[in-house]
Amino acid sequence: MAALPSAPVEKVIVTYKSRTAEAGSNAAAKSDTAAKAKQTGEALTFERRLAGGAALVDLGDTATKQDVTDVLAAFRADPSVAVAEPDIRAYPMAVTPNDTDYAKQWDLFEPTGGMNVPGAWDKGTGSGVTVAVIDTGYAAHSDLAANVVPGYDFISTSADARDGNGRDADAKDEGDWNATDNECGLGSKASNSSWHGTHVAGTIGAVTSNAKGIAGIAYNAKIQPVRVLGKCGGSSADIADAITWASGGNVPGVAANATPAKVINLSLGGASSTCPSVYQNAINGAVQRGTTVVVAAGNSNANASGFTPANCANVINVASTSREGNRSFYSNFGSVIDVSAPGGETRRGTDTPGTVTTPENGILSTLNAGSTVQAGENYKPYQGTSMAAPHIAGLAALLKSAKTTLTPAEIESAIKANARPLPGTCSGGCGTGIADATKTVNAVTGTTPPAGNVFTNATNVTISDNATVSSSLAVTGRTGNAPAALKVGVDIKHTWRGDLVIDLIAPDGTVRNLKTSSGSDSADNVLATYTVDASSEVANGTWKLQVRDVASGDTGYIDSWSLTF
């Protein structure tokens, strides 16, 4: 850690004993200051009274250390003075980490493509939060070990687990290599072990300011490795059980999780046009238990709606951006994306697949040097939405650490609301932009005032065919009526938005139509902000967003909505 600067003392704080004239009278304190000035030969000025009753005395900006010593001695020798002390400087504690490769972590701090992480460390570092990395398991690494808590191996098939016994309490990564082409299905290729879970874990929670390696985003959080990916990937049944267990739920035949996670990272996925119920049920259970679930969008340069669990509800779906602030050439996209984060590009989109031509533009993290089984620890840059998701999981841990009462819906809403537009390009949809860690943490801790009073509900509500549903917002702390320009933000995921009629219902039951149905509007989703005159309505109370589906064949859900007063 860097040494604090040595700043000159220009003022002293004097606390007078109770019942003395100087304790209750500014005039008396000014008179005493003048007497001390004459005694010491210094140009002292009574500046003001502090909240606690002490007097702040200014020595001027030319005072030396000896001058300060003489002035303090004069006040301390006065029997009417209880305490005299220097007015010292304080500094932000989010100093630059001394990790040897921190300068290569552009994804944390660069203004163009980075996530503005260092400024958030003054408010939260992940303390008290466990993040489950549901992935390939853990390859031993000294830059992670201090933050790792016991996990579990949920791979139920012994051959895929490569540990001889299927499920067990050891989350060690046994390697996910494939020896030959087509070993994992027609078209699969031989490959070395990826140590993928260890790379993901480093981004979230690598030990920081230990003079080695990299810095983690939530470096005081605990990492819980949960193994679901082995030889030839992993099964949805095992992954769903892992989600349940990691979040503190019960899994038959498995001992309860002693350290349930408040954040889950799923840097995994497969092709599916819908979210399997086994995934959705597990995710819903996790969220109900207070766990935020973060998912990678996928790396097929395609619409993320065709990949799962990216297309599941109640998750934060993360696309990848490059160092230049563009959507990464491989990243999935679409209306189901919630937010983007740095995933990097270790090669250009036109370079030969499998090559590494621009390693400096990838995401550097903890890894292992073994080609099949574990060997020595190392660090390498990877690219992928698998690398973007742990940035958001780390941010979720920072938020939960900074404000423990936050719900998963509030965490998702805060991350989305405080993202910044991509400085580059994004074709197809990259959510609300690149997440900004400092802005988001400041927003939830009240460090910076919001732009207006914003009330948000990010709990998903399913919209079925020919059905009417609603989502409620409890508005409190307002006085008088709502404004004449009330802003209603709506984010609805639906495969034929023309089917939808959307109304705002005031606390007294008054209905204001926001959107009508249209048989010719076949576009996906409603992502809009409506302005309504609500000046006749009392602001406080329960407001509702009502959505009516007037046709068959397409469904969706209310993702989130907000009122800005």
Side-chain angles (χ1 to χ4, degrees), residues 1-2 4 90-102 105 107-109 114-133 138 140-151 171 197-226 246-248 257-265 290-292 294 341 363-366 379 389-406 408 411 414-415 435-445 447:
M1 302 293 286
L4 292 176
Y91 301 90
M93 297 310 292
V95 298
T96 301
N98 65 8
D99 304 78
T100 51
D101 286 327
Y102 177 70
Q105 292 183 273
D107 48 307
L108 302 192
F109 57 80
M115 211 174 75
N116 195 19
V117 173
W121 288 332
D122 276 340
K123 306 296 187 304
T125 58
S127 296
V129 180
T130 298
V131 182
V133 176
Y138 171 56
H141 203 293
S142 61
D143 212 5
L144 273 171
N147 285 341
V148 174
V149 297
T198 300
H199 197 281
V200 167
T203 296
I204 299 168
V207 178
T208 299
S209 288
N210 60 343
K212 70 176 297 182
I214 63 166
I217 291 172
Y219 57 78
N220 278 330
K222 296 302 181 184
I223 300 296
Q224 183 169 66
V226 184
S247 60
N257 186 354
T259 53
K262 287 304 178 185
V263 181
I264 287 175
N265 187 92
T291 301
T292 299
V294 180
I363 306 300
L364 185 68
S365 191
T366 46
Y379 304 84
H391 283 77
I392 300 301
L395 174 52
L398 293 182
L399 293 169
K400 190 68 175 176
S401 170
K403 188 174 182 180
T404 59
T405 58
L406 289 175
I411 288 172
I415 292 173
D436 186 311
T438 298
K439 184 179 178 184
T440 308
V441 171
N442 284 345
V444 303
T445 57
T447 306

*Asks:* For the side chain of H141 and the backbone of A206, is there at least one donor-acceptor N/O pair under 3.5 Å apart?
*Replies:*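 No, because the side chain of H141 does not come within donor-acceptor range (under 3.5 Å) of the backbone of A206.
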
*Asks:* Which heavy atom of T366 sits nearest a heavy atom of G202, and at what distance?
*Replies:*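 Heavy-atom minimum between the residues: OG1-CA, 3.3 Å.
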
*Asks:* Give the intermediate values and the outcome of side-chain contact (heavy atoms from CB on, under 4.5 Å) for residues Y138 and T198.
*Replies:* CA-CA 5 Å; Y138 171 56; T198 300; 4.2 Å; yes

*Asks:* For the NZ atom of K262 and the CG atom of L399, what is their distance to the nearest 0.5 Å?
*Replies:*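 Between atom NZ of K262 and atom CG of L399 there are 15.0 Å.
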
*Asks:* Determine the minimum heavy-atom distance between A435 and I415, stating which atoms define it.
*Replies:*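 Between these two residues, the closest heavy atoms are CB-CG2, 4.2 Å.
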
*Asks:* Do P225 and V133 come close enough that some side-chain heavy atom pair is under 4.5 Å?
*Replies:*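 Contact flag for P225/V133 side chains = no.
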
*Asks:* Using modelled atom types only, decide if a donor and an acceptor are shared between the side chain of T203 and the backbone of H391 within a distance under 3.5 Å.
*Replies:* no

*Asks:* Checking side-chain polar atoms at under 3.5 Å, does D99 have a donor or acceptor matched by the opposite partner on Q105?
*Replies:*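 There is no such pair (donor and acceptor under 3.5 Å, judged by atom type) between the side chains of D99 and Q105.
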
*Asks:* Using 0.5 Å steps for rounding, measure from the CD1 atom of I204 to the CG atom of N265.
*Replies:*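 Reported to 0.5 Å precision, the distance equals 4.5 Å.
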
*Asks:* Compare all side-chain heavy atoms of I214 with those of S365 and state whether any distance is below 4.5 angstrom.
*Replies:* yes

*Asks:* Testing T438, D436, L395 one by one against M115 for a side chain to side chain contact (heavy atoms under 4.5 Å, CB included), which residue passes?
*Replies:*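 Only one option passes, and that is L395.
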
*Asks:* Flag the pair P97 / W121 as yes when at least one side-chain heavy-atom distance between them is below 4.5 Å, and no otherwise.
*Replies:* yes

*Asks:* Could you tell me whether a side-chain N or O of T291 sits under 3.5 Å from a main-chain N or O of A261, the two making a donor and an acceptor?
*Replies:* yes

*Asks:* Checking K123 side chain against N442 main chain: does a donor-acceptor pair fall under 3.5 Å?
*Replies:*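 Judged by distance alone, no pair lies under 3.5 Å.
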
*Asks:* For residues L398 and A120, report the shortest heavy-atom separation together with the two atoms involved.
*Replies:*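 Closest heavy-atom pair between L398 and A120: CD1-CB, 4.1 Å.
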
*Asks:* Any donor and acceptor pair, going by atom type alone, linking the side chain of N147 with main-chain N or O of G205 inside 3.5 Å?
*Replies:* yes

*Asks:* Between N257 and S247 (side chain of the first, backbone of the second, donor and acceptor by atom type, cut-off under 3.5 Å), is there such a pair?
*Replies:*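 Absent.
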
*Asks:* Taking all atoms of both residues into account, what is the closest heavy-atom pair of I217 and G394, and its distance?
*Replies:* CG2-C, 3.8 Å

*Asks:* Output the distance between atom CG (N116) and atom OG1 (T440), rounded to the nearest 0.5 Å.
*Replies:* 9.0 Å

*Asks:* Within this structure, what is the CG-CG distance for the pair D101 and D143, rounded to the nearest 0.5 Å?
*Replies:*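 Rounded to the nearest 0.5 Å, the CG-CG separation comes to 9.0 Å.
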
*Asks:* Minimum heavy-atom separation for P150 and T259, please, with both atom names.
*Replies:* O-OG1, 4.4 Å

*Asks:* With a 3.5 Å distance limit and no angle check, can you tell me whether S401 reaches the backbone of S127 through a side-chain donor-acceptor pair?
*Replies:* yes

*Asks:* For the atom pair OG1 (T208) and OH (Y102), what is the distance rounded to the nearest 0.5 Å?
*Replies:*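 Reported value, rounded in 0.5 Å steps: 9.0 Å.
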
*Asks:* With a 3.5 Å distance limit and no angle check, can you tell me whether Q224 reaches the backbone of V148 through a side-chain donor-acceptor pair?
*Replies:*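 No, the answer is negative, given that no donor and acceptor are paired below the 3.5 Å cut-off.
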
*Asks:* Quick check: closest heavy atoms across A211 and T100, and the distance to 0.1 Å?
*Replies:*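 Looking at all heavy atoms of both residues, the shortest contact is O-CG2, 3.5 Å.
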
*Asks:* Examine distances only and state if a side-chain atom of T125 and a backbone atom of A218 form a donor-acceptor pair shorter than 3.5 Å.
*Replies:*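 Checked: no pair found.
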
